[in-house]
Amino acid sequence: MAQLIVDNVSVSFPLYHTESRSLKKTVFAAASGRLGEDSRHRLTVEALRGVSFTLNSGDRLGFIGSNGAGKTTLLRTMAGIYEPVAGSITIDGAVTALLDPGQGMNPDLTGNENIRLRALFNGYSEAQIRQLQEDVAAFAGLDQFLALPVRTYSSGMVVRLGFAMATAILPQILLMDEWILAGDASFLDKARHRLETMVRGAEILVLSSHSPTIILEWCNRLIWMENGMVKADGSPEEVLAAYLPPDQFAHALEAAGKAA
């Protein structure tokens with residue numbers, strides 16, 4: 001039985017005033033009350049502040065909120081990319097993070113070498129590695145390009161390889177940032193079917209999306225993030241009714257095939 005526990009998690013990032021981009025962050029953080037100070041007395045942006053929730057097998061959690069609310073930071077923290085400055089995350093189960101198509105790939109290695117590296121990281125046997133290579137090659141459709149370094153690929157080819165690798169290994173816990181579907185029409189159809197199969201097979205799904213329709217279709221719980229904190233936590237219908245204007249909420253219900 002998979003389980004994911006986020007206990008009072010806070011994440012902050014130091015600001016460096018020599019960069020203009022950091023100045024913009026400073027203004028935004030000050031306006032939203034998210035400025036802080038770390039142990040080295042550096043000015044920080046508090047990206048997450050005291051976030052807590054528990055997920056068990058069968059849970060389908062969505063995150064919704066404006067840009068900068070903390071949704072992606074929270075996903076990346078659960079994936080182990082960011083480290084909390086306070087609180088803890090406890091995970092029981094195999095995790096796949098579908099956050100970035102090129103995530104975890106070494107651009108200097110060939111496509112085949114990246115597939116093998118991903119398989120070894122997951123503890124696959126030689127027979128399982130061969131099976132994974134065949135599956136990814138058939139789905140990605142990159143043919144001879146799999147023998148070339150990934151840095152020579154176009155952005156579309158990177159998406160194909162990254163998506164094929166990420167969705168070939170069925171996880172117990174699936175973390176997704178937005179509904180990642182990219183590529184030409186023929187690839188899009190294959191990708192949608194493969195991703196839907198993966199979502200159904202996961203014990204726990206955590207999905208950040210700006211699409212109310214997708215949230216209503218795939219999630220049984222929704223958290224509204226605002227200024228790095230949980231503003232609301234409940235059923236998708238309850239939270240979306242508070243988050244969206246009434247006409248948009250009614251349209252989302254209709255699009256998802258649910259009664260108002």
Which pairs of donor and acceptor atoms, one on a side chain in residues 78-85, lie under 3.5 Å apart (sequence neighbours left out)?
none

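- Side-chain contact between Arg151 and Asp108 is present, with heavy atoms from C-beta onward closer than 4.5 Å.
- In this structure, the separation between CG on Leu174 and CE on Met198 is 4.5 Å, given to the nearest 0.5 Å.
- Separation of atoms CG (Leu222) and CG (Asn220) is listed at 10.5 Å; rounding is to 0.5 Å.
- Between Gly70 and Leu48, the closest heavy-atom pair is O-CD2, 3.5 Å.
- Contact annotation: the side chain of Phe53 approaches that of Leu74 to within less than 4.5 Å [non-hydrogen atoms, C-beta and beyond].
- Here the side chains of Val239 and Ile223 are not in contact, with every heavy-atom distance at 4.5 Å or above.
- Interatomic distance, NE2 of His210 versus NZ of Lys71, reported as 4.0 Å (0.5 Å rounding).
- The minimum heavy-atom distance linking Ser209 with Ile64 is given by the pair O-CG1, 3.6 Å.
- Rounding to the nearest 0.5 Å places CG of Leu109 at 13.0 Å from CG of Leu148.
- Other residues, nucleotides and ligands contribute over 12 non-hydrogen atoms within 6.0 Å of the CD atom of Gln128.
- Between Met176 and Leu75, the closest heavy-atom pair is O-CD1, 3.3 Å.
- Leu161 approaches Gly111 most closely through the heavy-atom pair CD2-CA, 3.9 Å.
- Residues Leu146 and Ala137 approach most closely at CD1-CB, 3.6 Å, considering heavy atoms.
- Panel note: side chain Glu203, backbone Ala2; a donor-acceptor pair is recorded below 3.5 Å.
- Contact check for Met225 versus Val51: side-chain heavy atoms found under the 4.5 Å cut-off.
- Environment of CD in Gln248: crowded, with over 12 heavy atoms of neighbouring residues, nucleotides or ligands closer than 6.0 Å.
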CA sep, side-chain torsions, deciding dist, call: Ile169, Phe121, side chain to side chain contact (heavy atoms under 4.5 Å, CB included): CA-CA 11 Å; Ile169 300 173; Phe121 178 79; over 6 Å; no
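- At least one side-chain heavy atom of Arg200 sits less than 4.5 Å from a side-chain heavy atom of Trp218.
- The shortest heavy-atom contact between Leu207 and Ile215 is O-CD1, 4.4 Å.
- At least one side-chain heavy atom of Leu216 sits under 4.5 Å from a side-chain heavy atom of Glu237.
- Taking the charged nitrogens against the carboxylate oxygens, Arg221 and Glu238 have no contact shorter than 4.0 Å, which rules out a salt bridge.
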Salt bridge (Lys or Arg N to Asp or Glu O under 4.0 Å) between Arg49 and Glu226, intermediate numbers included: CA-CA 10 Å; Arg49 298 185 283 181; Glu226 188 170 288; over 6 Å; no
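- Residues Asn8 and Ser52 are in side-chain contact: their nearest non-hydrogen atoms beyond the backbone lie under 4.5 Å apart.
- Counting heavy atoms of neighbouring residues, nucleotides and ligands inside a 6.0 Å radius, atom CZ of Phe145 does not exceed 12 of them.
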